[in-house]
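Just so it is clear, the values below take in all heavy atoms, side chains as well, and ignore hydrogens, waters and symmetry mates.
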Amino acid sequence: MNVQVVYTSHCKNGKLLAEDMARYARTYAKPLADFDFNEDADLLVIGFEEYPCRKDKELEAFISKLSRDHIKNLALFNLFYFNTKMMDDIITLCHINDLPLMRETYSCKKSLKPKSLLSDDIISGGRVYIEDMVNICNHYY
């Protein structure tokens, strides 16, 4: 099974979580810019961070380039401060582009402290999430 984990280039904590999730799925995490749009993926996991009053044009452009021909399943995870509005916008964009979006997403709240690390709960939740998505793809799709 080909699992790929990507993250937006400006998210620091998202990169840490993506790398941990990728290790758990026996693959590597990479930034969106390094993704090969012509390579087939059984499961593509996209991670991003939400920032107040800021749209993520890099992520929107990336999702607009994705094709159902090369991506069999798409999963999303995000880190947020206040609300998950951006997650809702990305889900809507995936529906507009007719991408095979998995039903479950993973959202977790970040600390407002500038140098805070990801908690063990966030990391273990990410591991459970990717394990569930891989199992669903293996057994049901």
* Pair listing, salt bridge (charged side-chain N to carboxylate O under 4.0 Å, His left out) test, anchored in residues 1-14, at least two apart -> none
* Cluster link Phe35 to Ile63, ILVMFWY, side chain under 4.5 Å -> yes
* Can any side-chain N or O of Thr27 pair as donor or acceptor with the backbone N or O of Val3 at less than 3.5 Å? -> yes
* Shortest non-hydrogen contact from Phe37 toward Lys65 -> CE2-CB, 3.5 Å
* Taking the side chain from Glu49 and the backbone from Gly14, do they hold a donor-acceptor pair closer than 3.5 Å? -> yes
* To do: Under the salt bridge (charged side-chain N to carboxylate O under 4.0 Å, His left out) rule, collect the residues that match up with Lys85, sequence neighbours excluded.
  => Asp89
* To do: Taking the side chain as every heavy atom from C-beta outward, state whether Phe77 and Met87 have any pair of such atoms under 4.5 Å apart.
  => no
* Asked: Same cluster or not: are Val5 and Met1 linked, directly or through other Ile, Leu, Val, Met, Phe, Trp or Tyr residues, by side-chain heavy atoms under 4.5 angstrom apart?
  -> yes
* With sequence neighbours left out, what residues match Glu104 under salt bridge (charged side-chain N to carboxylate O under 4.0 Å, His left out)? -> none
* To do: Quick one: which residue pairs count as a salt bridge (charged side-chain N to carboxylate O under 4.0 Å, His left out) with a foot in residues 28-42, not counting sequence neighbours?
  => Asp42-Lys72
* Under the side-chain contact (heavy atoms from CB on, under 4.5 Å) test, residues paired with Ser124 that sit two or more places apart -> none
* Lys15: side-chain contact (heavy atoms from CB on, under 4.5 Å) partners, not counting sequence neighbours -> Tyr7, Glu19
* Structure fact -> Here the salt bridge (charged side-chain N to carboxylate O under 4.0 Å, His left out) pairs for residues 123-132, sequence neighbours left out, are Asp20-Arg127
* If you group Ile, Leu, Val, Met, Phe, Trp and Tyr by side-chain heavy-atom gaps below 4.5 Å, do Leu99 and Ile71 land in one group? -> yes
* What heavy-atom pair brings Ser64 and Asn97 nearest, and what distance separates the two atoms? -> CA-ND2, 3.6 Å
* Structure fact -> Heavy-atom nearest pair, Asn13 first then Leu118, reads O-CD1, 3.4 Å
* Structure fact -> Closest heavy-atom pair, Met133 versus Ala75, reported as atoms and distance to 0.1 Å, is CG-CB, 4.2 Å
* Name all residues meeting the ring pair (Phe, Tyr, Trp, His ring centres under 6.0 Å) criterion together with Tyr129; count only those two or more places apart in sequence or in a different chain, and write none if there are none. => Tyr106
* Output all residues satisfying side chain to side chain donor-acceptor pair (under 3.5 Å) with Ser107, sequence neighbours left out; order by chain, then residue number. => Asn78
* Quick one: do His70 and Leu44 satisfy side-chain contact (heavy atoms from CB on, under 4.5 Å)? Show the steps, please. => CA-CA 10 Å; His70 298 288; Leu44 173 62; over 6 Å; no
* To do: Quick one: closest heavy-atom pair of Ala29 and Ala22, and the distance?
  => N-CB, 3.5 Å
* Just jot down the side-chain contact (heavy atoms from CB on, under 4.5 Å) partners of Ser9, sequence neighbours excluded, or say none. => Glu58
* Got Ile90 and Leu76 here, is their nearest side-chain heavy-atom distance under 4.5 Å? -> yes
* To do: Could you give me the CA-CA distance, side-chain angles and deciding distance for Leu59 and Met86, then say whether side-chain contact (heavy atoms from CB on, under 4.5 Å) is met?
  => CA-CA 11 Å; Leu59 181 60; Met86 189 173 164; 4.0 Å; yes
* Asked: Is there a path of hydrophobic side-chain contacts, each under 4.5 Å between heavy atoms of I, L, V, M, F, W or Y residues, that connects Ile46 with Phe80?
  -> no
* Asked: Residues two or more places apart in sequence or in another chain: which of them pass ring pair (Phe, Tyr, Trp, His ring centres under 6.0 Å) with Tyr28?
  -> none
* Would you say Val45 and Met21 make side-chain contact, with heavy atoms under 4.5 Å? -> yes
* Taking the six-membered ring for Trp and the full ring for Phe, Tyr or His, determine whether the centres of Phe48 and Phe62 are under 6.0 Å apart. => no
* Sequence neighbours left out, what passes salt bridge (charged side-chain N to carboxylate O under 4.0 Å, His left out) with Asp120? Give chain and number order. => none
* Any side-chain heavy-atom pair from Met102 and Leu74 closer than 4.5 angstrom? -> no
* To do: Any chance you could lay out the side-chain contact (heavy atoms from CB on, under 4.5 Å) test for His95 and Leu101, step after step, and finish with the verdict?
  => CA-CA 8 Å; His95 288 291; Leu101 184 64; 4.1 Å; yes
* What is the distance from atom CD1 of Ile96 to atom CD1 of Ile91, rounded to the nearest 0.5 Å? -> 12.0 Å
